Amino acid sequence: MNDTTTPILGLNERTSELDRAHVFHSWSAQGALKPLVIAGGLGCRVWDHDGRSYLDFSSQLVNVNIGHQHPAVVKAIVEQASLLATIAPSTANLARGEAALRIVNRAPEGFNKVFFTNGGADANENAIRMARLHTGRDKVLSTYRSYHGNTGAAVVATGDWRRVPNEYARGHVHFFGPFLYRSEFWATTPEQESERALRHLERVIQSEGSTSIAAVLLETVPGTAGVMLPPPGYLAGVRALCDRYGIMLILDEVMCGFGRTGRWFAFEGYEVTPDLITFAKGVNSGYVPTGGVLISDSIAASFDTAVFPGGLTYSGHPLAMASIVAALDAMDDEGIVENAARIGRSVLAPGLAALAASHPIIGEVRGEGVFWALELVADQDTREPVSAAVMARIKTELLARGLLPFLIENRIHVVPPCVVTDAEVSEALVIYDEVLSLDLLHS
């Protein structure tokens, strides 16, 4: 199916039957699931087999930064498959080298090596391992409002509810990061929030024993937890604390990297350079599973003579590497990162602010680039989150109007592909406005 006008009747039903019978879905109780059927996509739109089209303002899992079915990326995957579909990671492969070069060229000075993984979770897993081996220390500090993936150490580094039934890894400590709207520090200004959050972190470091801590692991901009932009000075302050106590700083750019914030890396906007950078998602928009760790030269040197005790069968898979090269080249050539910055600054920021001014259910608007969240509340004074039932109705109403949303807890995450146009944002804003105008709290 090449467009939304040629239905193939019966395939929606067949897809749903097969899914119900044989597919086990993540993060879900299986019995009541009725997943949306998606058959194809192009740019910022997807559709089912019956021709029903949706404007994708989820970017699926906030990863399809370059949009669906970008021809250059699809072509690169096909050409690589015809040349060499797979090869062991112990070999040297041109596509792998070119992909690493593209990534290193966008990294800060002092980063010249990339370890490729299968996705973001095992990128964080291996970054944690590198930090521990480099420092000879054990503990990893991360925030409660965070998500770092669903593998052994990554899910325990995660702060949200998914950590609790999976706490089998050792050496993890959590602390509260800054979030002024729901401050843990009784702060009333961004500056207060930053100062007090840094003081809290230092006390945790001291209380845990600074010489036992290998790394602080942070999402540069926490995504799943709510698109919480770090307040002024916070990330620089974390960097200073890490330097003071000999701790490695790992910045998780899995969701916020490669254009999502309107920059190649989100941390470029916050005057900080980490020791390790993890990535996935936007590096090739998920066309083939991949991720990786950008390694600072000092940490890479630790393994010049010592063996790095880690590896993956599909590390640097040729199809994934070809997709990275094509995606990053296309993003560069077509000004896609710049488009994300402009859309955020000139279209989404004013458009979402206007929505907030019109709808008391919106407690706060946060974001940059094509990375935004609407925090929905039952009461603006108490900031009580809306209920799960309200969010379920919002999802139903958005889908009924042809918008595929990304909803988490009491938030609408506004996260279209970086290629989104002004017209598509306008279309989405009209739909959000219609749905939020409904009597959601009293129905």
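Values below: every heavy atom of this structure, side chains too, minus hydrogens, waters and symmetry copies. Nothing here was measured: the structure is a model prediction, and the numbers come from that model.
- Proximity of a side-chain donor or acceptor of E253 to a complementary backbone N or O of A266 within less than 3.5 Å is detected.
- H134 and D275 form no side-chain donor-acceptor contact under 3.5 Å, judged by distance and modelled atom types alone.
- Looking only at side-chain heavy atoms (C-beta outward), E219 and L251 stay at 4.5 Å or farther from each other.
- Ion pairing between R45 and D56 fails under the 4.0 Å rule for side-chain N and carboxylate O.
- Distance alone, capped at 3.5 Å, places no donor-acceptor pair between the E424 side chain and the A428 backbone.
- Closest non-hydrogen pair, R401 versus E434, comes out as NE-OE1, 3.1 Å.
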Test H148 against D252 for side-chain hydrogen bond (donor to acceptor under 3.5 Å, both in side chains), laying out the working first. CA-CA 7 Å; H148 296 290; D252 178 343; 2.8 Å; yes

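- Without hydrogens or angle criteria, Y287 side chain to Q69 main chain gives a donor-acceptor distance under 3.5 Å.
- Ring-centre distance between F258 and F265: below the 6.0 Å cut-off.
- Cation-pi check for R145 over F176 is not met; the charged atom does not lie both under 6.0 angstrom from the ring centroid and within 45 degrees of its normal.
- Residues T143 and H174 approach most closely at O-CD2, 3.5 Å, considering heavy atoms.
- Contact of the Y54 side chain with the L403 side chain is not registered, since no non-hydrogen atoms from C-beta on lie closer than 4.5 Å.
- Side chain of N65 to backbone of C418: no donor-acceptor contact under 3.5 angstrom is found.
- Considering every non-hydrogen atom in both R263 and E268, the closest pair reads CB-OE1, 3.7 Å.
- Applying the side chain to side chain donor-acceptor pair (under 3.5 Å) test to residues at least two apart or on different chains, the pairs with a partner in residues 309-324 are T86-H317, N284-S323.
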Full working for side chain to side chain contact (heavy atoms under 4.5 Å, CB included) between I295 and F115: CA-CA 8 Å; I295 311 165; F115 177 75; 4.1 Å; yes

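- Side-chain contact check for S16 versus V37: some heavy-atom pair is nearer than 4.5 Å.
- A tilted orientation is assigned to the rings of F179 and Y181, their planes being inclined by 30° to 60°.
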For T91 and N93, what are the C-alpha separation, side-chain angles and deciding distance, and is it a side-chain hydrogen bond (donor to acceptor under 3.5 Å, both in side chains)? CA-CA 6 Å; T91 64; N93 178 263; 5.9 Å; no

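- A330 and H70 get closest at one heavy-atom pair: CB-CE1, 3.7 Å.
- Listed for the S58 side chain is no donor-acceptor partner under 3.5 Å among the backbone atoms of F406.
- Under the side-chain contact (heavy atoms from CB on, under 4.5 Å) criterion, L33 pairs with H25, S28, Q30, P35, sequence neighbours left out.
- Looking at S285, its side chain never comes within 3.5 Å of a backbone N or O of K281 through a donor-acceptor pair.
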Starting from the C-alpha separation in whole Å, work towards a yes-or-no answer on side chain to side chain contact (heavy atoms under 4.5 Å, CB included) for I362 and L376. CA-CA 5 Å; I362 300 176; L376 304 186; 3.9 Å; yes

What's the verdict on side-chain hydrogen bond (donor to acceptor under 3.5 Å, both in side chains) for D122 and T151, showing C-alpha distance, side-chain angles and the deciding distance? CA-CA 7 Å; D122 49 359; T151 52; over 6 Å; no

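- A heavy-atom distance below 4.5 Å is found between the side chains of V140 and R132.
- Across H413 and G223, no two heavy atoms sit closer than the pair CE1-O, 3.1 Å.
- Atom CZ of R14 has 12 or fewer neighbouring heavy atoms from other residues, nucleotides or ligands inside a 6.0 Å radius.
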Please determine whether side-chain hydrogen bond (donor to acceptor under 3.5 Å, both in side chains) holds for the pair R102 and N105, giving the CA-CA distance in whole Å, both sets of side-chain angles, and the decisive distance to 0.1 Å. CA-CA 5 Å; R102 298 303 194 283; N105 282 346; over 6 Å; no

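- Counting heavy atoms from C-beta outward, L133 and P309 have side chains that approach closer than 4.5 Å.
- Side-chain atoms of F116 and V293, non-hydrogen and from C-beta on, never get closer than 4.5 Å to each other.
- In this structure, A127 and T278 approach most closely via the heavy-atom pair CB-CG2, 3.6 Å.
- Using a 4.5 Å cut-off on side-chain heavy atoms (C-beta onward), W47 and I38 make no contact.
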Does E125 form a salt bridge (Lys or Arg N to Asp or Glu O under 4.0 Å) with R129? I'd like the steps, not just the answer. CA-CA 6 Å; E125 199 82 30; R129 183 179 302 176; 5.7 Å; no

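- In this structure, R366 forms no cation-pi arrangement with W372, as its terminal cationic atom is not both closer than 6.0 Å to the ring centre and no more than 45° off the ring axis.
- You'll find the side chain of V415 reaches within 4.5 Å of the side chain of F371, heavy atoms only.
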Derivation and outcome, salt bridge (Lys or Arg N to Asp or Glu O under 4.0 Å), residues D422 and R342: CA-CA 10 Å; D422 296 42; R342 182 191 62 81; 2.7 Å; yes

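- Here K34 does not pair with D19 in a salt bridge; the nearest charged N to carboxylate O distance is not below 4.0 Å.
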How far apart are the C-alpha atoms of R52 and D50, what are their side-chain angles, what is the distance that settles it, and do they pass the salt bridge (Lys or Arg N to Asp or Glu O under 4.0 Å) test? CA-CA 6 Å; R52 169 73 173 173; D50 291 342; over 6 Å; no

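- Remark: side-chain polar atoms of T290 are not paired, donor with acceptor, to backbone N or O of G286 under 3.5 angstrom.
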Apply salt bridge (Lys or Arg N to Asp or Glu O under 4.0 Å) to D297 and K113, showing your working. CA-CA 7 Å; D297 294 345; K113 294 282 183 139; over 6 Å; no

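- The pair E368-R345 does not meet the salt-bridge criterion, since no charged nitrogen lies less than 4.0 angstrom from a carboxylate oxygen.
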